[in-house]
Amino acid sequence: MPVICAAVEGAVDEAVARKLIRHAGGVPGDVYGKRGKGHLRQRMEGYLYAARHRCWLVLVDLDSDYDCAPLMRAAWINTPQPSFLCFRVAVRAVEAWLLADAKSIAAFLGVTPSQIPSQPETLPDPKKTLVSLAAKSRRREIREDIVPPPGSQRKVGAGYASRMIEFTKQHWRPQAAAQRADSLRRALQALQNLRKLPCP
């Protein structure tokens with residue numbers, strides 16, 4: 001099985017990337033970045049160079065930066081893409097991919113499955129939606145960890161990242177989520193294709 005290195009925006013994205021690589025049949029290697037989107041883009045040229053010699057996954061959120069993933073790809077990669085690079089854009093954020101596994105995320109948050117949006121990739125701010133769902137949780141610890149306290153300027157609670165990492169590692173089902181998130185389905189297919197290449 002090939003070792004696939006990755007570059008991501010943050011800690012939750014790292015958990016998602018590692019889960020996807022394993023699900024596609026690869027072995028997660030070192031994960032770089034984890035200091036935000038701007039930091040990731042500044043180092044994109046280095047990742048492109050590295051992908052000429054090793055298998056790489058670069059995972060970024062679309063957010064509201066561009067209208068669609070192809071426009072973002074064109075802006076970030078203006079040279080021929082190396083064969084060993086898997087550049088994937090989460091529409092509009094990896095939280096949409098987590099919400100796409102409706103049964104699992106509902107159970108984890110302590111809400112009913114009917115409260116989970118059926119088309120999470122159409123949400124303008126999937127993270128905000130996830131926090132709003134957590135605010136309705138039957139579990140106090142979920143509310144306290146994920147939802148920011150009243151009057152706070154923070155968008156998420158102090159335990160948001162650790163809870164999302166816990167969910168991703170222990171409960172998230174990428175294959176089930178891919179049925180409701182096309183950008184995830186495409187990412188899985190691209191990783192499976194990458195795994196088949198004779199990566200160094």
Side-chain angles (χ1 to χ4, degrees), residues 1-101 120-121 126-127 161 164-165 167-169 172-200:
M1 294 187 291
V3 174
I4 302 176
C5 296
V8 299
E9 293 183 38
V12 176
D13 309 77
E14 176 181 5
V16 169
R18 289 184 179 277
K19 186 78 171 253
L20 292 180
I21 291 169
R22 290 192 186 96
H23 187 79
V27 176
D30 294 330
V31 179
Y32 298 85
K34 296 181 283 187
R35 293 173 58 186
K37 182 181 291 184
H39 178 269
L40 201 63
R41 187 168 187 182
Q42 287 175 4
R43 284 153 179 76
M44 192 64 205
E45 186 175 342
Y47 301 138
L48 289 169
Y49 179 82
R52 289 192 276 174
H53 308 285
R54 296 185 67 181
C55 293
W56 275 80
L57 165 65
V58 176
L59 176 62
V60 297
D61 289 346
L62 179 63
D63 294 321
S64 58
D65 298 347
Y66 299 89
D67 289 336
C68 62
L71 288 177
M72 187 172 193
R73 175 191 294 271
W76 280 52
I77 304 176
N78 53 17
T79 58
Q81 182 170 316
S83 300
F84 298 138
L85 176 68
C86 182
F87 180 84
R88 305 315 305 176
V89 179
V91 180
R92 289 200 171 258
V94 294
E95 281 82 1
W97 292 0
L98 302 182
L99 287 167
D101 183 0
E121 289 189 317
K127 181 183 289 187
M164 290 300 98
I165 291 169
F167 171 73
T168 301
K169 288 182 176 180
W172 186 51
R173 302 171 300 162
Q175 200 63 47
Q179 298 177 26
R180 290 189 174 196
D182 190 60
S183 63
L184 172 58
R185 181 188 63 80
R186 292 172 182 271
L188 283 172
Q189 184 60 60
L191 278 170
Q192 288 164 356
N193 292 339
L194 181 65
R195 181 183 61 82
K196 298 173 184 177
L197 294 176
C199 293

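- Closest approach of Leu40 and Gly33 over heavy atoms only: CD1-CA, 4.3 Å.
- Between the Lys19 side chain and the Trp172 main chain, a donor and an acceptor come within less than 3.5 Å of each other.
- Residues Ala177 and Trp97 approach most closely at CB-O, 3.4 Å, considering heavy atoms.
- Here the CG-CZ distance, from Leu197 to Phe84, works out to 6.0 Å after rounding to the nearest 0.5 Å.
- Residue Arg88 holds its CZ atom at 9.5 Å from CG of Leu59, rounded to the nearest 0.5 Å.
- In this structure, Val58 and Leu48 have side chains that are not in contact, with every pair of non-hydrogen atoms separated by 4.5 Å or more.
- Identified under the ring pair (Phe, Tyr, Trp, His ring centres under 6.0 Å) test for residues 5-41, with sequence neighbours left out: Tyr32-Trp56.
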Taking distance alone, no hydrogens or angles, what donor-acceptor pairs closer than 3.5 Å link side-chain atoms of residues 71-80 to residues at least two apart or in another chain?
residue	atom	partner	partner atom	Å
Arg73	NH1	Gln81	OE1	2.7
Arg73	NH2	Phe87	O	2.9

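- Two residues are said to be in side-chain contact when any heavy atoms from C-beta on lie closer than 4.5 Å; Leu20 and Leu184 meet this criterion.
- The two residues Pro28 and Val3 have their closest heavy-atom pair at C-CG1, 4.5 Å.
- With hydrogens and angles disregarded, a donor-acceptor distance shorter than 3.5 Å links the side chain of Asp61 to the backbone of Val94.
- For the pair Ala178 and Leu188, the tightest heavy-atom approach, listed with the atom from each and the gap, is CB-CD1, 4.0 Å.
- Looking at every heavy atom in both residues, Leu191 comes nearest to Ala24 through CB-CB, 3.7 Å.
- Residue Gln179 holds its CD atom at 9.5 Å from CG of Asp101, rounded to the nearest 0.5 Å.
- When all heavy atoms of Arg180 and Ala100 are compared, the pair lying nearest together is CD-O, 3.5 Å.
- In terms of modelled atom types and a separation under 3.5 Å, the side chain of Ser183 and the main chain of Val91 share a donor-acceptor contact.
- Of the inter-residue distances, the one linking Arg18 atom CZ with Lys169 atom NZ reads 8.0 Å to the nearest 0.5 angstrom.
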Chi angles and distances behind the side-chain contact (heavy atoms from CB on, under 4.5 Å) call for Asp13, Val31: CA-CA 10 Å; Asp13 309 77; Val31 179; over 6 Å; no
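- Heavy-atom contacts from other residues, nucleotides or ligands closer than 6.0 Å to CZ of Arg186 number 12 or fewer.
- Partner Glu9 forms a side chain to side chain contact (heavy atoms under 4.5 Å, CB included) with one of Arg41, Lys37, Arg35, Glu14 and no other, that one being Lys37.
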